[in-house]
Each structure stands twice: as structure tokens, then as C-alpha cells.
Amino acid sequence: MRFSKFLIYTLREDPKDAESISHKLMIRAGLIYKEESGLYGYLPLGLRVYNKVVSIVREEMNKAGAIEALPTILTPASIWKESGRLDVMGKEMIRIKDRRDGLLVLGPTHEEAFTDMVRRTINSYKQLPITLYQIAKKFRDEIRPRFGVMRCREFTMKDAYSFDIDEKGLDESYLKMRQAYINVFKRVGLNALPVEADVGSMGGTRSEEFMVLSSLGEALILYCPKCNYYANIERAESIIQENTEEEEEKPLQEVDTPNVYTIEDLTKFFNTSPKKFIKTLVYLADNTPIVVLIRGDLDVNETKLKNYLGCIELELASNEIIEKVTNAPLGFAGPIGLSNVRIIADNSIKNIKNGITGANKKDKHLVGVNIGRDFVVEEFAEIRSAKAGDKCKICGETLKETKGIEVGHIFKLGYKYTKSMNVTVLDKDGKRIHPIMGCYGIGIDRTIAAIIEVNNDENGIVWPITVAPFEAIVIPISTKDPKLIDISEEIYNSLIKERIDIAIDDREESVGVKFNDADLIGIPFKIIVGKKLLDEGKIEVKRRDNGETVTIPLPEAKKKIIELILEEYKKYS
RNA sequence: CGGGGCGUAGCUCAGAUGGUUUAGAGCGCAUGCCUUGGGAGCAUGAGGUCCCCGGUUCAAGUCCGGGCGCCCCGACCA
């Protein structure tokens, strides 16, 4: 590609409305432009990267035996009604009325669409297992789009859906996809770790997110440095120190605690450990108040609680509702004497002896509280957040935390969609069975942003060669010297013939501009044709990643450049 | 939806207490000359509904009211 004929739009300064490194660099290098908040278009240069990522994903999907299809992006509301997600997905889903007042949905994800495709075309167990996929646009009206292409309202996703006749089949399909994902991320130069994740509104039994560790990540991850347990905080489990003290049960007693109600203040006031407290929280689960009990030093994991309750909306109750439920202002709630409300206790309070809790009266707490004797808990559940410093549930090592960018997500979905949408095939015995599903997504745009986020320096992007917009660029030092131009053109043309993805910067610009643009854009190799070296019959190749330079005699140039490029590819295979 | 910041040329920004009538700079863009080993130099030129609407005033980019948009933090989110 000739730069003089291409669309190169580079900026010297950071755009003012970009904060993250990848966002700034994508704009500055002229990969994308912003149409509106959360809506980005790809410029020709960015599209080259995009297409390379897409190709790699497609190759690995095909290699894993998945079959590409293309359902409609505009989907009828009816299929969402069938699955029950028309309401669950809420405002995130972009809805459109057509001229006949029919409701259509711009697909935010495609479980329903693919399930419908399979329902229309697959009737026999002999056609299973099958994994279908597409690489297409998704639409989500995000509350807050951010970091450029990282979280936006229109984006490209590769989404795949597996259909199997039984769970064993699903396990195999899942593992195949999992391996394909590992391959994809390796090839695009990302170190993406599979991390145990919550299944969220997708439903299902097992799920893993592929996370690129980065401070920009929106997900908090707990991990064990010893046994490599990685889990999203929403899902992570851990071992905490239990209350083991053997104590005689003391009598229940009310204590004045004027204006003391945070756990921190209470700990000081009573001069004891936060582990002695039974924290009482009031939540609204789909608008019904519930009470949650948890040990004073721990936090409720709202994802776990939501999953346990099976509710759609969960939020902390307002002060008015707390007062209504507990008859006491915020900070003095306790389990004793509560009636007409569902109480769920985290397992952490089981062994608290002579605990302390609110008295459901202003400025009063109760001490000597004992479960069973003073109040009864009917529901115990594991709804506590694991946190850094807890012990690993597998090996006992201390857990640490880090942040990650979610670039892929794989789920064992189960029967949620095939049952709700009534998909059946006949099995060997002529009996109708529901296939079992898995689903698997890779965010293409987010993958690109993540690659930049971890591969950049003060001069710009440093692409892995597998996804770079060009593998190499020829830069003639002068735009006037006919000899330099001729040699540059010759090298350029000869490499095109060898199917190298090469560019030539034939713009009327100073070399400084060309070097800086090539660096900003992140092209792995610069082939520099300069006067002095050319007089000795040599050219120069400079690496983008570490700046190393090799000089090559002209007759060997083509062969040597191809070698360098092929060698580079090996790092990502 | 709460908190904070911002909105002037394609980009990044300057324009105090309203007042040189033609609103500026750097970069970019166009033309010419000159130059080419890390964002060169000189000259000339094009380019603006100062986010929008309303108000105050003899006079508003500047003050007041309302709205819209963008970014960040939080809440939220396959």
C-alpha cells in the first residue's frame, strides 16, 4: 500500500476526550474516529487490524470445527419474549418499531437468534453436535460507554453457540472452544487467562472469562500465586478464618451505643474484633425487602446473593425501608425480633458466640447474642465476597487481587434456551430431546484495544506482527533522489510479489514525519533506504519493538526481510 | 441516575474584572521556494452560526437563566 494513496490521519497531540492509552493511541494513529459517545468507526488503517484479528478468530473457529453463519442482526421481539429476556435485558437492548408498529430488537447477543436458526433446520441427533458462529455487530445501549472501543454501544463480536445431545457432549464442545480461545489470544499476542466467572443473566452452570491483566480492566480478579486459581471477584471463593473460640453462652444484654453504628466505631466502642459482629443489611430484591446477615468484617457479594435469590433487580434498601423493616434508624438493625421478612444468613455467622448486633432501637446494640437461642436462621447461604488476603480454597495460599480486561467469555448454558424456545431433536429411540447449549464470545474491538493497552511505548503502538496493519514499511529518506526512490520501489514491489503485507511511505514528507508516523502506527519493521548506506550497496531494517537495526546488502534484502518477518510470526504460533 | 470537569478554526489551546469594530496562537491544510537519517525553514493564503435557545446591556465568546453534547469517578453491566 502506498501511503500517498492511503488514508493516513495521524495526530501529534492526544485527543482531549480520551483518557486510556489504547483510546488515545487508536485516535492518534488514525485507526478509529468517534461518531458519538460509544460509537466509533474504523478508518482504513484500523480496518486492516480489525480484519487481521477477525481472520485469526475465524481460522481458529474453523479449525475447532465451528461453522460460520449469519443470522439477522435486527431480530423480532417475539424470540426474546419466548426466552423471557425481553424484560430481563431491560434498557440495554435497543428496540425499534417498524412501520407496522412491530417491535424489533437490535441484537445485543444472539442466543435466541441461533437457537431459532437451529430450531428451523435441525431435527435429528445425527446432526449434532454442532457449533455455529458469526462475526458480526452487536448493539447495547450501555449506561456509560467508556475507554473508546473498550465499552461501546455498537461493537463487533464473534459469538459461537454449541448444541449437543447431552452434558458429556457439551463438556467436549466447551473444551474445544476453550482451546480455540487460548489459540486465538496467543496468536494475537495477548496473555489472556481463563478466569472463573459468574454466569449472569445468560444462565448456565459454568463460565470462564478470558482476562488480560491490566489496570484499565473493569473486572476485579482474585488469584492464587501458588496454584494459579483465578476467579472474578463476583464468583471467587475463598477460605476465611472461622470463629473458633469456645465460650460459655452469656445472657443477652442491651447496651447504650449513642451515635455508634459503623462496624469500625463499634469495634472501638466494644474493644473487640469485627468478627464478633453480626451485620444486618436490608436489600430490595425485585422490590421485596429481605434481610441479610453477615459477619462484621465481611462484605456481601451481591452477585452471589442475586444468584441465590434468583431475582432480577437487587439493591440496598433506602433508609425509609430499613426503618420500616427494623423499626430503627440505619445502623441499629439486628436479627432479633424481626418478623414478616425473609432472612438469609451468610455461613460466616454460624460460629459466632456471644455476638454483637443492633437492637432495632435507636442508639442500642445487643451483646451476648447467640444463634439458635436468641433467634433462628432458616436459610444459610454462601453470599460473602472473597477478598485479597483470604486463603485459597484449593491450596490455602493467601489470595491476591488484580484487574482484568474481559476479552472473551465462555459459558455452559444448559437447557435455558432450548427449553424456553422449545427446540427438540429426535434421539436414537425416536424420542424428543432438548439439545444442551454452550455459548462463546470474543469482543473483537476490545481485543484490539487490549493489545494496544499492553503493547505500546512513548512513541506509539507496538503491534504484534500478526495483527499489525502492515508487516513492514519501506521508507525512502529522500523524496527527490531518483536512485533512492527506484531502489525503494524495487524493494516494495518485490515484497508485494512475495505476498508480504508491505507499505511504502511515498508521501512528500520529511523523514522525521515518516519515522514518527511509522512508530505511532506501530509497524513492526521499517525498511530504511538512505543515501550513505546505499552508496555502500546496503539498506537498513529497524525493529519497532526494541529499536534494533540490521544492515543488509541489497542483493540479499528481499530474502532477509522475508526471513525476519517469518521469524517474527513464530513467536505467536 | 448521583458527583466532578469541559464545550472558541480540522487538532491542541489562549482570549482577567463585558468595550481596538477585522476573534487569536501553535500544529494541520493549500500554493511557491528551499530541504530530507527522527514531527525542518521562509513567504503567501483558505478556514469560525465562539455548542444551542432566551435574557440583561448602548455593547456579550465574556454576565444571568434554561437546554444539549463530550470526558472522568461512582451506581449499573454476557
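Side chains included, hydrogens not; waters and symmetry mates left out as well; all remaining heavy atoms used. In what follows, chains are A, B, ... by sequence order, proteins preceding strands, each numbered from 1.
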Sub-4.5 Å side-chain heavy-atom contact between A:Met89 and A:Pro108
yes
As a test of reading the structure: which of B:G39, B:G37, B:C72 is closest to the side chain of A:Val511, going by heavy atoms?
B:G37
Is the phosphate of B:A40, meaning OP1 or OP2, less than 4.0 Å from a side-chain N or O of A:Ser510?
yes
A:Lys16 has its side chain closest, among B:G39, B:G38, B:C13, to B:C13
Spell out yes or no: do the side chain of A:Thr479 and the base of B:U36 have one donor N/O and one acceptor N/O closer than 3.5 Å?
yes
Whole angstrom is fine here: how far is it from CG in A:Asp17 over to P in B:C51?
16 Å
Would you tell me whether A:Asp299 and A:Ser385 have side-chain atoms, one donor and one acceptor, within less than 3.5 Å of each other?
no
Under 4.0 Å from OP1 or OP2 of B:G69: is there any side-chain N or O of A:Ser37 that close?
no
From the list B:C72, B:G37, B:C29, which nucleotide is the closest neighbour of the side chain of A:Glu509?
B:C29
Look at the side chain of A:Asp517 and decide which nucleotide, out of B:U36, B:G39, B:G7, has an atom nearest to it.
B:G39
Are A:Tyr440 and A:Lys176 linked by a side-chain donor-acceptor pair shorter than 3.5 Å?
no
Using a cut-off of strictly less than 4.0 Å, decide whether A:Lys34 has a side-chain nitrogen or oxygen near OP1 or OP2 of B:G69.
no
Regarding B:C77, can its base be found pairing with the side chain of A:Arg151 as donor and acceptor, where the two atoms are less than 3.5 Å apart?
yes
Sticking with atom C1', work out how far B:A25 lies from B:G18, rounded to a whole angstrom.
23 Å
Closest to the A:Ile477 side chain: B:U36, B:C77, B:G39?
B:U36
Using a heavy-atom cut-off of under 4.0 Å over every strand shown, decide if A:Pro108 touches base, sugar-phosphate, or nothing.
base
From CZ of A:Arg144 over to C1' of B:G5, roughly how many Å is that when rounded to an integer?
13 Å
Counting distance alone, no hydrogens or angles: does the base of B:G69 have a donor or acceptor under 3.5 Å from a partner atom on the side chain of A:Glu36?
no
Interatomic distance at C1', B:C51 relative to B:C68, whole Å:
8 Å
Now, which nucleotide makes the Watson-Crick or G-U wobble pair with B:G19, with each of the two distances under 3.5 Å?
B:C58
For A:Ile521 and B:G38, give me the distance from atom CD1 to atom P, rounded to whole Å.
19 Å
Base, sugar-phosphate, or nothing: which does A:Ile475 touch, judged by heavy atoms less than 4.0 Å apart?
nothing
Which is true for A:Phe147 with a 4.0 Å heavy-atom rule: it touches a base, it touches only sugar-phosphate, or it touches nothing?
sugar-phosphate
5′-ward residue of the pair A:Glu508/A:Gly441 relative to RNA chain B
A:Glu508
Between A:Glu234 and A:Leu533, name the one whose nearest nucleotide on RNA chain B is closer to the 5' end.
A:Leu533
Base partner of B:C1, which must satisfy Watson-Crick or wobble distances under 3.5 Å:
B:G74
NZ/NE/NH1/NH2 to OD/OE distance under 4.0 Å, A:Arg95 and A:Asp141:
no
Using a 4.0 Å heavy-atom cut-off, does A:Arg28 contact any base of the nucleic acid, only the sugar-phosphate backbone, or nothing at all?
base
Contact class for A:Tyr33 vs. all strands (heavy atom < 4.0 Å): base, sugar-phosphate, or nothing?
nothing
Looking only at atom P, what distance separates B:C64 and B:G19, rounded to whole Å?
15 Å
Tell me whether the side-chain N/O atoms of A:Lys306 come closer than 4.0 Å to OP1 or OP2 in B:C77.
yes
Expressed as a whole number of angstroms, how long is the span from A:Leu484:CG to B:U35:P?
15 Å
Provide the distance between the two C1' atoms, one in B:U31 and one in B:A46, to the nearest whole Å.
11 Å
For the pair made of CZ in A:Arg146 and P in B:C76, what is the distance, rounded to whole Å?
11 Å
Is B:C6 paired to anything, Watson-Crick or G-U wobble with both distances less than 3.5 Å, and if yes, which nucleotide?
B:G69
Value in whole Å for how far the C1' atom of B:C77 lies from CD of A:Glu302
13 Å
Distance-only donor-acceptor test, A:Lys542 side-chain atoms vs B:G38 base atoms, 3.5 Å:
yes
Looking at side-chain heavy atoms only, is the closest gap between A:Val49 and A:Tyr42 below 4.5 Å?
no
For nucleotides B:C33 and B:G37, find the distance between their C1' atoms and express it as a whole number of Å.
23 Å
In whole angstroms, the gap separating C1' of B:G10 from CZ of A:Arg12 amounts to 14 Å
Distance between the C1' atoms of B:U49 and B:A23, in whole angstroms?
14 Å
Spacing of the C1' atoms in B:G26 and B:A14 (rounded, Å):
10 Å
May I ask you to decide whether A:Glu111 forms a salt bridge with A:Lys416, counting only side-chain N to carboxylate O separations under 4.0 Å?
no
What verdict does the side chain to side chain contact (heavy atoms under 4.5 Å, CB included) test give for A:Asn301 and A:Glu382, after you've listed the backbone C-alpha separation in whole Å, the side-chain angles of each residue and the deciding distance to 0.1 Å?
CA-CA 9 Å; A:Asn301 182 322; A:Glu382 192 68 27; over 6 Å; no
Member of A:Phe114, A:Tyr174, A:Phe411 meeting the ring pair (Phe, Tyr, Trp, His ring centres under 6.0 Å) criterion with A:Tyr161
A:Phe114
Could you tell me how far apart A:Glu19 (CD) and B:G4 (P) are, to the nearest whole angstrom?
18 Å
Does the distance from a Lys or Arg side-chain N to an Asp or Glu carboxylate O, for A:Lys480 and A:Glu508, drop under 4.0 Å?
yes
Which whole number of Å gives the distance between the C1' atom of B:G39 and that of B:U22?
33 Å
When all nucleic acid strands are considered with a 4.0 Å heavy-atom cut-off, which category describes A:Asp519: base, sugar-phosphate, or nothing?
base
Watson-Crick or G-U wobble partner for B:C42, using a 3.5 Å limit on both distances?
B:G32
